[in-house]
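Order of the sequence lines sets the chain letters (A, B, ...), proteins ahead of strands, with each chain counted from 1.
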Amino acid sequence: MSERSERTGGAAVQPYRREGATGKTLRFRFDGREYAGLEGDTLASALLANGVRAVASSIKLGRPRGVYAAGSEEPNALVQIEEPFPEPMLTATTVELYDGLVATGLPGQGRLADRPDPARYDAVHAHCDVLVVGAGPAGIAAAGVAARAGARVILADERPEPGGSLLGTAETLDGAPGREWAAGEAAALAALPEVRVLRRTTVLGHYDDNYVIAVERRTNHLGAQAPADVARERVWRIRARRVVLATGGHERFVAFAGNDLPGVMLAGAARTYANHYRVLPGSRAVVFTTNDSAYAAALDLARAGVEIAAIADVRHAPGETWVARCAERGIEVLTGHVVTAVKGEGEVSSVEVAPRPEAQGSGGQAREIPADLLLVSGGWTPVVHLFSQAGGTLRYDEELGAFTPGETRQAVEAAGFARGVRTLRECLEDGAEAGRRALAGAGLTAPPEIDVPAAEEEPAAAPAEHVWLVESGDYGTHFVDLQRDVTVAEVLRATGAGLSSVEHVKRYTTAGTAHDQGKTSGLLTGGVVAHALGVDVAELGTTTFRAPYTPVSFAALAGRDRGPLHDPVRVTALHEWHVARGALFENVGQWKRPWYYPQQGEGPGEDMEAAVLRECRAAREDVAAMDASTLGKIDVVGPDAAVLLDRLYTNMMSTLKVGSIRYGVMCRPDGMVFDDGTVIRLADDRFLVTTTTGNAAAVLDWMEEWLQTEWPDLRVHCTSVTEQWATVALVGPRSREVLARLAPGLAVDNDSFPFMTWRDAEVAGIEARVCRISFSGELAYEINVSSWYGLALWEAVMASGEVTPYGTETMHVLRAEKGFPIVGQDTDGTVTPQDLGMEWIVSKKKADFVGKRSFARADTSRPDRKHLVGLLPEDPGVLLPEGAHLVDTSALPEPPVPTLGFVTSSYRSAALGRTFALALVSGGRERIGERLYAPVGADLVPVTVTSHVLYDPEGARRDG
Amino acid sequence: MLLIPCPWCGPRDEAEFHYGGQAHVAYPEDPAALSDEEWARYLFFRDNPKGLFAERWSHTAGCRRWFNAVRDTATNEIHAVYRAGEPRPVIA
Amino acid sequence: MVEPAAVSMAERRSPAAAFAARFEAASAGGGLRLAEIPFLSQINLRVDPKSPAAERIGTAMGVPLPMEPGTAAGGGDLEVLWLGPDEWLVVGPDGAAPGLVERLAEAAAGEHVSVVDVSAQRTALVVAGERARDVLAHGCVLDLHPRVFGPGRVAQTTLARAGVVLVAGEDGFRLLVRSSFAAYVAEWLLDASVEYVTSPAGEADPA
Amino acid sequence: MSPETQGRRTPGADLPDHPDRLWRSAEPKRAYDVVIVGGGGHGLATAYYLAKNHGITNVAVLERGWLAGGNMARNTTIIRSNYLWDESAGIYEHALKLWEGLEEDLGYPLLFSQRGVLNLAHSLQDVRDSVRRVNANRLNGVDAEWLTPEQVKEVCPIVDISPGVRYPVLGGTYQPRAGIAKHDYVAWGYAKAAADLGVDMIEHCEVTGLDVRDGRVTGVQTTRGPIAAGKVALAAAGHSSVVAGYAGVSLPLQSHPLQALVSELLEPVHPTVVMSNAVHVYVSQAHKGELVMGAGIDAANSYRQRGAFHIIERQMSAALELFPVFARAHVLRTWGGVVDVTPDASPVVGLTPVEDLYVNCGWGTGGFKATPGVGWCYAHTVATGEPHPLNAPFSLDRFTTGKLVDEHGAAAVAH
């Protein structure tokens, strides 16, 4: 205790802080109490410095739990950040301390904020020759070799500073503290132009073709001081030619009674607290180990001022050098001993050790040793998560008592302890070799010599003994998974119920599924299951290692694809005008299309119904205009262009004359309607095809697919020109008059410019292609100009003030009155052209076209297929909901009631002076005149089936 | 995220491509001559092997070319890519 | 059809015109330059690269069609971008399109060639300056390292969720963006640039 | 621990205990009346109903790995029956009715929780499709209602219904009887009940061939030797094509990876199940408190139980569009399953061209919810040699006649 500081001064007292620790004092609050810590602390080290043992409580049993580890593998110390912004469930061992941190310990569940997260998140793509994961000795050595040969290198490490195991062990390299070597090397590497050293960056997942995902925590450690414009967390999407996994190892614990009591801690973690954080995790410790590594921890702690009461080693023959060193310091070593109980109220007060029951002639007696700390080492497990994720196989290493990397087909290898290499010197050499191989693999040459710093000589290792549990009559507090409160008793219950797979046991007990994903406990669970079943751990295998390696925030993965950037907003050249005019918009695919334009003026604005009736009236009785620029447009050029279109459309396109336009429908091979639009013939070998707004890309892809994969002999090229053109639909009996005024050079009379033809003309001083087509049944024109001039054209059309702008809703009403279907609204992928009443558009002359064969199948020729028909509610004021179904009974029987069909479109019609609907109705064309019923809420609304063409069936209006 | 070697543009991320399913399924010469069963086979039945699979991809975000690949569906390893119209290479 | 630019007296508006002031503000720090180059002439050319027409077209333009995938060729005020094995985009100055279309069609001389004026289909955005690569790396999956994607390289790819033609020049990059996506890409670029334009030194590392 | 957290109920304390006895992996016998290939939920349920409803107990369930270790262990546990077409509603509603009595029937706690499912609509066409589905459901006796955005918010207060988001919530359909169950418990409940009735559960026994003689199946080849069978019922999900191929039967299936993920345990915030097609994600909060989420399948065929990561990233951005409060929740674990998808997104259940060989496959992403219903109907089909009326529409020959049951797009997210 000699080194323990006894500084006074309220919250600044850190009774377990080692003397000589320096750094800025930081204030924080935990579970409602004020504390002080030092810069460089984690929340865990700061709590330990303040003597806080119980940090959280366990999920099922509510038992107190303390800090168990010193890194991201922490199974116990789960905390909730409260300020500066609520963040659920982090490990206290990875929360860097900052001024003003407020946190609480968790009883198993975290808590989400109830307000929006103000932080920014982003992602970045990166490419490198060699990615090195882990900036411990092996990783730094690997990165050093690769980087100095000129390779593009990324070195990523989850901690704030490089060094890995060197941070905890206080080993020296070239005579200096390893930590200084690591810092110097990392800085030197970062200064190279092709090297990126990423700190606080956890590699989460290893995917196909060396696609590696990492997340960098950039401002978390700054607390409230984090700059608002800097992304708080950044996802790195790394494509690496070679990957070196220098991910080190995790220490395991052992299942014994009371192994969860605060004060029980992994030996290596305690060593890290003492050496790196300059915190003493307790005053008097018992050490329980299965291997040599805990001796180094015990000696370091002893040097730091922790009294080591005894080392209980399960082995009868620990490493001799270690035993000798312990003897020098007066530390008692109890060989062949185990911990049989841990006692204390809420934290460790004493530890009961006893000779192993199965050990022959050990001679010792069970005894209780007063202590506030119990350091455990059940051996070390290489971190093989990423290797396994990359598709690598694992093999059991008997000596290590753990799984190590085996084969993989990806360009990845493990280095250092991650592949079971033990000593510091070997790890450095192994890392350098891995770096050299990675260079070769990436096609680069390694430097001739590899400089590896000199490590201290390590004592010859004595073999570890793989003890998973301390046998006992009652396994009720032998925890295997601390976070899930899973004990050996529960594992035995699972195996006793008949389960023999480690996956089943995991699911039965939930072991390994908690926040830590079993990093310190997975192998232990396997060991206990193997013990229970009497099989080998090797034979039992492991459960699958799944990404992410450590939990990652949703927001980090969402990045900047949020709000307006969640998906592109596509707009036309006229968009600014629509916005200024107060249009409401409809999302159509990614496009924003004006839905309707409520009349602005005094008093409350016009509602949709009034606006649409007004817009419809203008189109039918006067003149109106719509932005039709979103329709897909494809230039189809080549000697075989007509042949291609004949094969893709159901009707004949090759007979279309230059200067004329034809409506067409495309089907998929299964005969179902895929898209529709107009085809205009610009020249013998040139067509312009229009598609629906939503299908523009799909239709172009469709054409390319057929051309490239089925009919490469056809000489046709297709080019998208959707955005080359802005299109204004000018509609209504007065449209001719308006066009004539805008295009004085264009002969607009019916004979000169008949229906379904196009003309080049200058409109409002802009070169334009004017098409006489109509989606409303009225006299109408579509004026196409370069989209640069779209706004100018539209403003010219609107300049006189007599043209009413209309949106998609009015367009829908107008076309529905005429019975024109909208693909995707009146069709659902199960509708043929014949179903739509378009027998006329399905060529009988053509030998074949895509979809034709399917019309001859049993189902597509059924008479009771659903046909597109019109519906008139008997009460002309009743508007059927779109999606309402139809039955032929006036009283509903008990379900299930087979449906006859459903309403696809339903509107109030200004022209008809009533409501109407379109519907797909089984055998609908044979039902014209019949009364059907639409169940709407509790009512059955009577409707009469009619033709789907309700307005101007003789087509008298299209010529004005 | 697979790295797919487009025969023209070189290796690009999977997200730039559109998947087109089994390769070498030709549109029938004369669909009218097929029985309903044969037509159904063309429309709906594709191989679904666990192992090597000759399949179609289109580099939609890039050069917009369709091409074929032989990929192992058990490992996702791409063994070969070749242009539309070329025969399936023999993979040892 | 006659090219509108040749005769029209009406006012043109480019797809990213509304972003001019914000682009300028984002460029003030010096580390990054964002701007639109409006009204470039762009002609989509489809021709069999092995055909005599392909060679004649190259001669007519004074720029042979670049045959290596992902490259551009330049000459005079024209730049020819490889888009696909039988597809190129010819980019020229404002107003050049009608003449170009005519020249290319003439050079085709009846062979199967597609020449389509797509000048208004896409607009050009400049992303230049020291931080250009950093900004683009947020949304572009390609390796933009100068050794890999230096001047003369072209790629059709995606930036964030929009398709782009990415052209590497001596001073940064040009993105040819579909007009309807221009506002999205502009917003995305401005948002991606936040860290690079607010830190005076262009130093975004917060640590 | 703070004083206020100390007294709090421990969130993991109230999970039910498992029975002390589940099943014991059996050694294969030389012959069975029925061999079921695939020890997932469907195979186990089929075995149970064969034994219980039809008295056929000389049955083996063959599983190549550990029992229910395929898609049964990997799905997001959503149960609903609000499908569009009458045929689909028929079998899924039959399943839901069985779910409602299943804990009692199996004598096993399944954590079946009828917390409702919301399917959100984000465009005018979504609204039309949704209303169409609600009305179709009501005619079929499936509980369903259309909710306005405000009503959506009442059911699930954390959904962002503000009009400013990229794809605003325009409403949603709600099926109150829908919900979730604990997938492993369902599998184990069936396994235990079937084992209790005499069915053999044979694990680590991969089928490597089907014996077909004169157009009739007579047995299976396995990694643990040949097993003779009166009838063979396939229930191999993503591997159906491979297994059916042993008998020369081709199926209209493509196998794709489907990914899912969970968050850490969180205090209750999400009382129902939310699914969205346009903003593609589906979410529920499981009993212990983890958010369970899924999205779409990978585009390319694959048997690798691992999907591409950009799908997870997209799923997260979708989740935050709908649920901004999830921003700082953490993804704890992701995983993938292999789903078998048909051209019309409906299953294939019934007879095959090979006599006594039956097929149940093509459930795509929707198999879990159907488990009791399909087990019931498939057992009937296998036992009688005739399709049950509820699975008759899902015959293999619908692809020839063209009478598909096209649930694409029509049924919101097909999960």
Side-chain angles (χ1 to χ4, degrees), chain A residues 120 122-127 152 199-200 218-219 221-222 226-227 229-231 237 239 560-561 564-565 567-573 575-576 590-591 630 635 637-639 685 715 717 719-726 760 762 764-769 785-793 796, chain C residues 1-15 18 38-39 44 46-47 86-87 112-122 134 136-145 148 160-162 178-185 187-188 191-192 194-195 197-199 204-207:
Chain A
R120 281 176 65 86
D122 71 10
V124 65
H125 297 270
H127 303 260
R152 294 166 68 190
R199 296 182 292 158
R200 299 186 173 93
R218 304 172 75 224
T219 67
H221 59 290
L222 303 176
D229 58 348
V230 172
R237 302 169 182 156
R239 187 73 79 170
R560 293 167 51 237
D561 282 1
L565 297 180
D567 205 36
V569 174
R570 295 180 73 183
V571 296
T572 73
H575 188 72
E576 291 168 12
Q590 292 174 321
W591 290 94
T630 60
D635 215 85
V637 179
D685 64 348
R715 291 162 301 160
H717 289 308
T719 305
S720 169
V721 288
T722 298
E723 284 120 300
Q724 172 67 19
W725 302 100
D760 281 341
E762 194 173 303
I766 307 163
E767 280 307 315
R769 181 185 293 139
V785 298
S786 150
S787 60
W788 294 340
Y789 292 91
L791 189 58
L793 171 69
Chain C
M1 182 174 162
V2 186
E3 169 59 31
V7 296
S8 177
M9 302 307 291
E11 202 183 321
R12 297 183 295 183
R13 187 157 171 85
S14 63
F39 309 126
N44 193 281
R46 300 285 300 273
V47 58
D86 65 354
E87 185 169 11
H112 169 41
V113 173
S114 150
V115 177
V116 183
D117 181 358
V118 290
S119 301
Q121 172 85 348
R122 298 184 184 91
D134 296 321
L136 292 177
H138 287 288
C140 178
V141 69
L142 297 188
D143 186 356
L144 300 177
H145 192 281
V148 181
R161 304 188 62 74
R178 295 273 287 251
S179 301
S180 66
F181 285 93
Y184 163 77
V185 173
E187 288 290 359
W188 186 92
D191 188 60
V194 165
E195 286 190 18
V197 299
T198 51
S199 311
D205 191 349

Chemist: By a 4.5 Å heavy-atom criterion (distance strictly below it), what part of A:T719 contacts chain C: side chain, backbone, both, or neither?
Modeler: side chain
Chemist: Please flag which part of A:V721 lies under 4.5 Å from any non-hydrogen atom of chain C: side chain, backbone, both or neither.
Modeler: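 The answer is both parts of A:V721.
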Chemist: Charged N to carboxylate O below 4.0 Å: is that the case for A:R560 and C:E187?
Modeler: no
Chemist: Is C:V185 close to chain A through its backbone or its side chain, or both, or neither, when contacts mean heavy atoms under 4.5 Å?
Modeler: neither
Chemist: Given heavy-atom pairs under 4.5 angstrom as the criterion, report whether the side chain, backbone, both or neither of A:T630 touches chain C.
Modeler: neither
Chemist: Hey, mind stepping through A:E723 and A:R570 against salt bridge (charged side-chain N to carboxylate O under 4.0 Å, His left out) and telling me if it holds?
Modeler: CA-CA 11 Å; A:E723 284 120 300; A:R570 295 180 73 183; 3.3 Å; yes
Chemist: Heavy-atom distance under 4.5 Å to chain A: side chain of C:L142, backbone, both or neither?
Modeler: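 For C:L142, the backbone is the part near chain A, not the side chain.
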Chemist: For C:D191, is it the side chain, the backbone, both, or neither that has a heavy atom closer than 4.5 Å to a heavy atom of chain A?
Modeler: both
Chemist: So, do C:R178 and A:S720 sit near enough that their side-chain heavy atoms are less than 4.5 Å apart?
Modeler: yes
Chemist: What part of A:R715 gets closer than 4.5 Å to chain C, counting heavy atoms only: side chain, backbone, both or neither?
Modeler: both
Chemist: Looking at A:W725, does the NZ or CZ of A:R769 lie under 6.0 angstrom from its six-membered ring centre and within 45 degrees of the ring axis?
Modeler: yes
Chemist: For A:R152, which atoms come within 4.5 Å of any heavy atom of chain C: side chain, backbone, both, or neither?
Modeler: side chain
Chemist: Heavy-atom distance under 4.5 Å to chain C: side chain of A:D561, backbone, both or neither?
Modeler: side chain
Chemist: What part of A:L565 gets closer than 4.5 Å to chain C, counting heavy atoms only: side chain, backbone, both or neither?
Modeler: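 When you check distances to chain C, atoms from both the backbone and side chain of A:L565 fall under 4.5 Å.
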Chemist: Going through the checks in order, is the salt bridge (charged side-chain N to carboxylate O under 4.0 Å, His left out) test met by A:D567 and C:R161?
Modeler: CA-CA 7 Å; A:D567 205 36; C:R161 304 188 62 74; 3.2 Å; yes
Chemist: Under 4.5 Å heavy-atom distance to chain A, tell me which part of C:A192 shows up: side chain, backbone, both or neither.
Modeler: both
